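All remarks here apply to the structure that follows.
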Amino acid sequence: MTKESFKLVANNKKAYHDYFIEEKYEAGVALHGTEVKSLRLGKCSIKEAFVRIEQEEVFVYGMHVSPYEKGNLFNKDPLRVKKLLLHRGEINKMSGKIAEKGYTLVPLQVYFKDGLVKVEIGLAKGKKLYDKRQDIARKDQRRETEREFKIRNL
């Protein structure tokens, strides 16, 4: 058993605030050389990104990969649409779920796994305003109890 290497490049914390994540999938990304070099330097943002299925292929839109400084003419458009690499069965399962009302696909994180760039995408259902308020209240209460526990144990 070899320990697999894992290096986080970008994280989408906002997705957990705005959506209920029901399932997670790991997908490879079709990239060009300078984009991979830029990702190794940690220059990526997925805050505004979303995932779409078109003609039985999965694409991520709005994933910003900054141009590589030494890449000059080999650099690609930072916001170009990138193809995600998934198994046919996973794509069919996702497209069936998305056909239901309220489901969408959101990128959760970008990372390196054994030298390959991976994107974790989540099958998500949108939260209503009252759901967000409940989550915030729950976090506040947990924070308060932790603070009280810490004071008592000093």
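Quick note: residue numbers are just sequence positions, from 1. On a predicted model such as this, the values are computed, not experimentally measured, just so you know. These numbers come from the heavy atoms of this one structure, side chains and all, not from hydrogens, waters or symmetry mates.
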Tell me whether the count of non-hydrogen atoms from other residues, nucleotides or ligands lying under 6.0 Å of OH in Tyr19 goes above 12.
no
Show the nearest heavy-atom pair for residues Leu86 and Val58, with the distance to one decimal.
CD1-CG2, 3.8 Å
To the nearest 0.5 Å, what is the distance between CG (Leu123) and CD1 (Ile21)?
8.5 Å
For the residue pair Tyr111 and Glu26, establish whether any side-chain heavy-atom pair is separated by less than 4.5 Å.
yes
How does the hydrophobic cluster around Phe20 look, that is, which other residues are in it when side-chain heavy atoms under 4.5 Å mark a link?
none
Pairs involving residues 51-66, ordered by first then second residue, that meet side chain to side chain donor-acceptor pair (under 3.5 Å) (sequence neighbours left out):
Glu54-Tyr61, Glu57-Lys83
With sequence neighbours excluded, what pairs up with Arg133 under the side-chain contact (heavy atoms from CB on, under 4.5 Å) test?
Leu129
Using the side-chain contact (heavy atoms from CB on, under 4.5 Å) definition, which of the options Glu90, Lys24, Met94, Glu23 pairs with Ile121?
Met94
Salt bridge check: are Glu144 and Arg147 linked by an N-O gap of less than 4.0 Å?
yes
Atom pair CG/NZ of Leu85 and Lys118 - distance to nearest 0.5 Å
8.0 Å
Between Val60 and Val51, the two heavy atoms sitting closest are CG2-CG2, 4.2 Å
So, for Met63 and Lys82, which heavy atoms are closest and what is the spacing to 0.1 Å?
O-NZ, 3.1 Å
Determine, stepwise, if the pair Tyr16 / Asp135 fulfils side chain to side chain contact (heavy atoms under 4.5 Å, CB included).
CA-CA 10 Å; Tyr16 291 99; Asp135 282 354; over 6 Å; no
